[in-house]
There are 2 protein chains.
Amino acid sequence: MSLTHIQSFVAVAEEGHVGRAARRLHLSQPPLSRHILALEDELGTPLFERTPRGMRLLPAGEAFLQHARRILAEVDAAVLTVRKVGTAPTEH
Amino acid sequence: MSLTHIQSFVAVAEEGHVGRAARRLHLSQPPLSRHILALEDELGTPLFERTPRGMRLLPAGEAFLQHARRILAEVDAAVLTVRKVGTAPTEH
DNA sequence: TCCACTTACGCTCACCGTAATGATG
DNA sequence: CATCATTACGGTGAGCGTAAGTGGA
């Protein structure tokens, strides 16, 4: 599992469509599809239902989405915090 | 930034020593040292002070450590939660 | 001079994109 | 047959390990 996989998952969950999510991530469909498959494989359970219209979250996917958003938010917070502390006057 | 980098950072912060952290992670020193350097480069500020004894956290490193632990804990929680939901009787 | 981190360097394999294939209404 | 997702496949770059280099007490 990698942060890239998590970002890919969130994009697909929000778009409900691998193609649109791929454009949003500036990526082509196959690698993005592979990210989702790898995640499902690693977690041992499907996260999406495949429909003719695209991808629909399963309950396991809904649960993962909440955690995924928290992880990404925490990463952003870490970056902001460190940049602030690292530039602080008490650097010495 | 990747989860691997974050795990590497936590190990070095806890051991205070790249060599020991590397053994703990089943990795050799150079890649681990590169993880830390990449992290510092990406964040734009050093996280450790290099001493003759090893690595000592700077204030920016202390701040990052708290976030890093939360990120890794959240990842673990995500995995556990999804595995539980994915195996639940209401899988239909 | 020892000890620890870092840089050099060659190699492998993970990952991307294009193209082909499957699946479903 | 149109629309998505997935699999095949070749090429490149990220990342590993061994070995050499650097720096401080």
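So that the names make sense, note that chain A is the first sequence line, chain B the second, and so on, each numbered from 1. What you see below is based on every heavy atom in this structure, not just the backbone, and it leaves out hydrogens, waters and symmetry mates.
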For atom CZ of A:R23 and atom P of C:dG17, their distance in whole Å: 14 Å

A:I36 CD1 - C:dC15 P separation (whole Å): 14 Å

Phosphate OP1/OP2 of D:dC16: any B:H35 side-chain N/O under 4.0 Å: yes

Sugar-phosphate or base contact per nucleotide [nucleotides 18-25 of chain C; S, B, -; heavy atom under 4.0 Å]: BB-----S

B:F9 and B:F48 aromatic ring geometry - parallel, tilted or perpendicular at 30°/60° bounds: tilted

Separation of atom CG in B:L32 from atom C1' in D:dT18, rounded to whole Å: 16 Å

Note, A:H35 side chain near A:T4 side chain (heavy atom, < 4.5 Å): yes

Connected via hydrophobic side-chain network under 4.5 Å: A:L58 and B:V79: no

Protein-nucleotide distance (A:L39, atom CG; D:dT6, atom P), rounded to Å: 13 Å

A:P31 side chain reached by A:R34 side chain, heavy atoms, under 4.5 Å: yes

Phosphate contact (D:dA5 OP1 or OP2) by A:S33 side-chain N/O below 4.0 Å: no

Atom CZ of B:R24: over 12 foreign heavy atoms under 6.0 Å: yes

Length of the CD-P vector between B:E40 and C:dC5, whole Å: 13 Å

Short side-chain to backbone donor-acceptor contact, B:R50 and B:M55, under 3.5 Å: no

Rounded interatomic separation in angstrom, taking CD from B:E49 and C1' from D:dG24: 13 Å

Between C:dC16 (P) and A:H26 (NE2): distance, integer Å: 15 Å

Integer-rounded Å distance: C:dA14 P and A:L3 CG: 19 Å

